[in-house]
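Heads up, the thing below is written out as structure tokens.
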Amino acid sequence: MKPSRPLFLIALVVVIGVITWAVLHSAYVSLPPLPWTAVPTLLLLALGEGFSGLNVLLRIRRAPGRRRGPDAGRKPAQKPQKPLDPLAVARLAALGKASAHSAAVIAGVFAGFAASLASSLDKPTPRHDFFVSGGTFLAACVLVAAAFFLEYACRVPKDPDEEERDRRASRA
């Protein structure tokens, strides 16, 4: 499985946004008002993925015998954390990739909503839907960023010897 590509996700947002904009030009009148509940839901998902990414990043890139925190020198070293199960890390990487793609689709849909409603801000219902769609678009972008971070955290760190070879090769 390869990591998500930002250009593909941007293209996905643009294509879905244009399709949504085209559909809403004729069908917006028959739709109910947009619910605001998608914004906190996407933000909670982003918070969970960001926290999971941070946890995985710290556990994968652990340094044996090294302690962090204000009382690192006072207490004896604790037992090292158990390494993560590789299958669990692979599942988290798949979650990050799936979240990035689905959040890009959601961002595209709500960007299309916002673009379609931008000309009708003088009416109360389209104005409400415009702000809800804008907030949902931003929350979906935050989820994409958290999903990218989770994917990044699940990568296997490079061996120090390999990093040194890369540095020498880039200088030549």
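FYI, side chains are in, hydrogens and waters are out, and symmetry mates aren't considered; it's all heavy atoms of this structure.
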Exercise for review: Give the cluster check for L95 versus L42: same hydrophobic cluster or not, with ILVMFWY residues linked at side-chain heavy-atom distances below 4.5 Å.
Suggested key: no
**Study point:** same_hphob_cluster(L57, V89) at 4.5 Å side-chain heavy-atom cutoff
**Key:** no
Check your understanding: Do L92 and L84 share a hydrophobic cluster (ILVMFWY, side-chain heavy atoms under 4.5 Å, transitive)?
Key -> yes
Kindly list each side-chain donor-acceptor pair under 3.5 angstrom involving residues 143-154, sequence neighbours excluded, with atom names and distances?
residue	atom	partner	partner atom	Å
E151	OE1	S4	N	3.0
E151	OE2	S4	OG	2.7

Check your understanding: Say you draw a straight line from CD1 of I106 to OG1 of T41; how long is it, rounded to the nearest 0.5 Å?
Key -> 9.5 Å
Exercise for review: Mind checking side-chain contact (heavy atoms from CB on, under 4.5 Å) for L87 and listing every partner two or more places apart, or none if nothing turns up?
Suggested key: D85, R91
Check your understanding: Where is the tightest heavy-atom contact between K97 and K2, given as atom of each residue plus distance?
Key -> NZ-O, 2.7 Å
Distance-only criterion, 3.5 Å: show the donor-acceptor pairs between side-chain atoms of residues 116-142 and protein atoms not counting sequence neighbours.
residue	atom	partner	partner atom	Å
R127	NE	L121	O	2.9
D129	OD1	L34	N	2.9
D129	OD2	Y28	OH	2.5
S133	OG	D129	O	2.9
S133	OG	F130	O	2.9
T136	OG1	V132	O	2.8

Study note, to complete from the structure: Between V105 and L12 the two heavy atoms that sit nearest each other are CG2-CD2, 3.7 Å
Review point. With sequence neighbours left out, which residue pairs that include part of residues 89-111 fulfil the ring pair (Phe, Tyr, Trp, His ring centres under 6.0 Å) condition?
Key: F8-H101, F110-F113
